[in-house]
Amino acid sequence: MSEMGGAQISVQNVSVDFPLYHGTARSLKKTMFAAAAGRLGEDRRRRMVVQALRDIDIVLRSGDRLGLIGTNGAGKTTLLRTIAGIYEPTCGRVVVQGSLNALLDPMLGMNADLTGRENIMLRGLYNGFAKSEIAALEEDVQSFAELGAFLDLPVRLYSSGMVVRLGFAMATAIRPQVLLMDEWFLAGDQQFMEKAKDRMAGMVRGAEILVLSSHAPTAVREWCTRVIWMDHGRVREDGPAEAVLDRYLQRAA
Amino acid sequence: MDMIPDTDLPRLATSTLVVTADVAGYQRHRAAWTDVTDGIKLWRLALALGWLDIKLKYRGSMLGPFWLTISTAVWIAAMGGIYGTLFHIDMHSYLPFLALSLVLWTALGGLVSEGCTTFTQAEATIRSLRMPFFLHAMRVFVRTVIGLLHNVPVIVVVFAIYATWPGWAGLGCLPGLLLWTLDAFAACLLLGTFCARFRDIPPIVNSIMQIVFFVTPIMWQPEQLGARGWWLPLNPFDSLLEVVRAPLLGQAAGWHVWSLALGFSALMCAATWLLFARVRSRLAYWV
């Protein structure tokens with residue numbers, strides 16, 4: 001990486017609580033999830049909260065490849081969202097130096113009613129690109145996603161494979177210094193993944209720091225050098241990829 | 001390889017993100033201010049989002065957003081006919097007043113009801129990438145302005161039919177519109193925040209706005225109330241409408257109207273700022 005590569009992530013003593021406010025199905029789901037994981041608590045003002053993350057300390061420097069593993073509800077995605085600045089922590093501090101791209105859900109804020117082209121334009125604008133850069137983005141996505149005339153049709157008319165291609169092409173067309181990635185990203189169909197592999201590898205190699213969250217150890221083994229095993233919102237183990245993964249698999253078996 | 005050389009791809013601007021919990025009061029205000037200024041820097045995105053919202057709403061329809069123009073025109077013609085007859089008013093003075101008031105009210109009322117969904121509507125975006133929250137308020141604002149512009153022709157036509165023309169005095173509406181802009185952002189942040197936290201608020205707001213429509217001089221003129229209208233100054237929508245409407249009807253909005261409008265606006269902006277600075281960091285958890 002470049003010598004000036006100053007990318008750095010520092011997560012200091014971070015805890016995240018989810019408030020349980022709305023008596024809706026959504027909150028109910030959260031409640032049940034949390035109850036299953038044994039993490040229901042009350043905060044200082046005695047409101048019901050889900051303790052999603054507890055006392056997390058992580059420092060990542062240029063060149064680091066971190067994998068987050070753990071069961072559903074262990075806090076992997078919440079940690080990614082916290083590093084991305086989406087959830088501001090209940091206590092602690094997050095500092096991220098360097099451009100950041102977080103690939104968190106397959107739709108990535110795509111609007112299914114808009115055409116592929118309109119979604120690409122919006123993605124460019126979200127990233128603060130100038131007109132010429134948006135044109136370059138569009139060209140790149142167009143040539144990779146191979147949507148042909150569908151690019152000018154609403155995304156809701158696409159087959160699920162086409163949506164993945166568009167999402168993947170857009171996500172990988174932007175090369176950040178800090179790349180945060182959730183597992184959905186590795187869940188394309190086999191044929192597509194063959195084609196996507198090079199492009200994916202290019203993006204991952206281009207990033208100074210990678211944080212990959214997955215409960216598929218194969219992907220983590222392939223990309224990551226360090227692994228953090230999350231359990232009930234805490235760091236359970238932190239160490240070299242192979243060692244932590246082996247113990248995780250033993251435990252799961 | 002399918003890859004285009006990296007150099008051709010757009011680069012993200014390098015930045016430093018610092019997020020700290022439990023910050024002191026003044027830091028919250030600074031974070032809120034940064035949110036607003038960062039949002040303003042994304043004005044092109046706000047324009048695109050607002051415009052696409054309108055485009056989407058009318059995609060596939062032949063007249064597109066001009067359905068707004070038509071429905072307003074029909075509404076005014078019908079109301080003008082009925083109320084003009086009921087109140088025995090001279091159409092020459094009533095219809096321009098009604099047309100202008102209804103169009104302005106449509107914008108105000110629309111902003112208030114859409115302001116409620118400022119953040120809840122943007123849930124997917126808020127959860128997938130860090131964006132200034134002010135951006136979502138700008139999006140609602142852009143949408144409202146586009147709607148308002150589509151209704152302007154109705155006013156022009158009615159004014160032309162009744163040969164009412166404010167002349168240069170009409171420019172007096174500009175300070176009023178400026179105040180509206182400020183209030184619009186404040187209303188979106190205020191209502192958007194409240195409605196993200198308390199999901200019962202949007203229906204309450206909507207039913208209140210229906211009542212406000214009747215107790216605000218829109219279909220009737222304040223003079224018709226006479227002395228019985230002593231409570232009118234208590235209605236913020238009355239003075240706010242008047243600072244824009246009066247100049248366009250060739251009158252000047254008096255200082256008392258202006259001081260009421262400024263007073264109500266200052267109260268709302270202050271309340272909004274205190275609330276927004278306090279809970280901005282919680283919004284992502286609420287939507």
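First the proteins, then the strands, lettered A, B, ... as listed; each starts at 1. Quick caveat, the model's predicted, so the values are computed rather than measured.
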Heavy-atom pairs under 4.5 Å with chain B, option from [options] with the top count:
| options | result |
| --- | --- |
| A:A102, A:S15, A:G98 | A:G98 |
| A:R81, A:Q12, A:Q8 | A:R81 |
| A:T82, A:V94, A:V95, A:I9 | A:V94 |

Non-hydrogen atoms of chain A under 4.5 Å away: do they reach the side chain of [X], the backbone, both or neither?
| X | result |
| --- | --- |
| B:L135 | side chain |
| B:K41 | neither |
| B:L129 | both |

Inset, instruction - Decide salt bridge (charged side-chain N to carboxylate O under 4.0 Å, His left out) for A:R199 and A:D140; before the verdict, give the C-alpha distance in whole Å, the side-chain angles of both, and the deciding distance to 0.1 Å. - result: CA-CA 11 Å; A:R199 192 171 157 105; A:D140 181 55; 3.1 Å; yes
Inset, instruction - Using a strict 4.0 Å threshold on nitrogen-to-oxygen distance, state whether A:D17 and A:R54 make a salt bridge. - result: yes
Legend entry - Residues B:R143, B:E114: salt bridge by 4.0 Å N-O rule: yes
Legend entry - B:I155, B:L240, B:V244 screened by side-chain contact (heavy atoms from CB on, under 4.5 Å) with B:L104, the one that passes: B:V244
Inset, instruction - Could you walk me through whether B:R280 and A:E88 pass the salt bridge (charged side-chain N to carboxylate O under 4.0 Å, His left out) test, one step at a time? - result: CA-CA 9 Å; B:R280 185 197 50 81; A:E88 302 200 0; 3.0 Å; yes
Inset, instruction - Take the angle between the ring planes of B:Y285 and A:Y87 and call it parallel below 30°, perpendicular above 60°, tilted in between. - result: parallel
Inset, instruction - Please work out which of the three classes, parallel, tilted or perpendicular, describes the rings of B:F134 and B:F185, given edges at 30° and 60°. - result: tilted
Legend entry - Top of B:I126, B:L56, B:L42, B:L283 for chain A proximity - count of heavy-atom pairs under 4.5 angstrom: B:L56
Inset, instruction - Using a cut-off of under 4.5 Å on heavy-atom pairs, state which of B:L52, B:T16, B:L45, B:L49 scores highest against chain A. - result: B:L45
Legend entry - Members of residues 112-120 of chain A whose heavy atoms come closer than 4.5 Å to chain B: A:D113, A:L114, A:T115, A:E118
Inset, instruction - Determine whether more than 12 heavy atoms belonging to other residues, nucleotides or ligands lie under 6.0 Å from atom CZ of B:F194. - result: no
Inset, instruction - Sort and list the pairs that fulfil ring-ring contact (aromatic ring centres under 6.0 Å, His included) and have at least one residue in residues 47-76 of chain B, not counting sequence neighbours. - result: B:F66-B:H150
Inset, instruction - Determine, step by step, whether A:M181 and A:M200 satisfy the side-chain contact (heavy atoms from CB on, under 4.5 Å) criterion, reporting the C-alpha distance in whole Å, the side-chain angles of both residues, the deciding distance to 0.1 Å, and the verdict. - result: CA-CA 11 Å; A:M181 215 157 53; A:M200 172 98 160; 3.5 Å; yes
Inset, instruction - Please look at A:L180 and chain B and tell me whether the side chain, the backbone, both or neither of the residue comes under 4.5 angstrom of a heavy atom of that chain. - result: neither
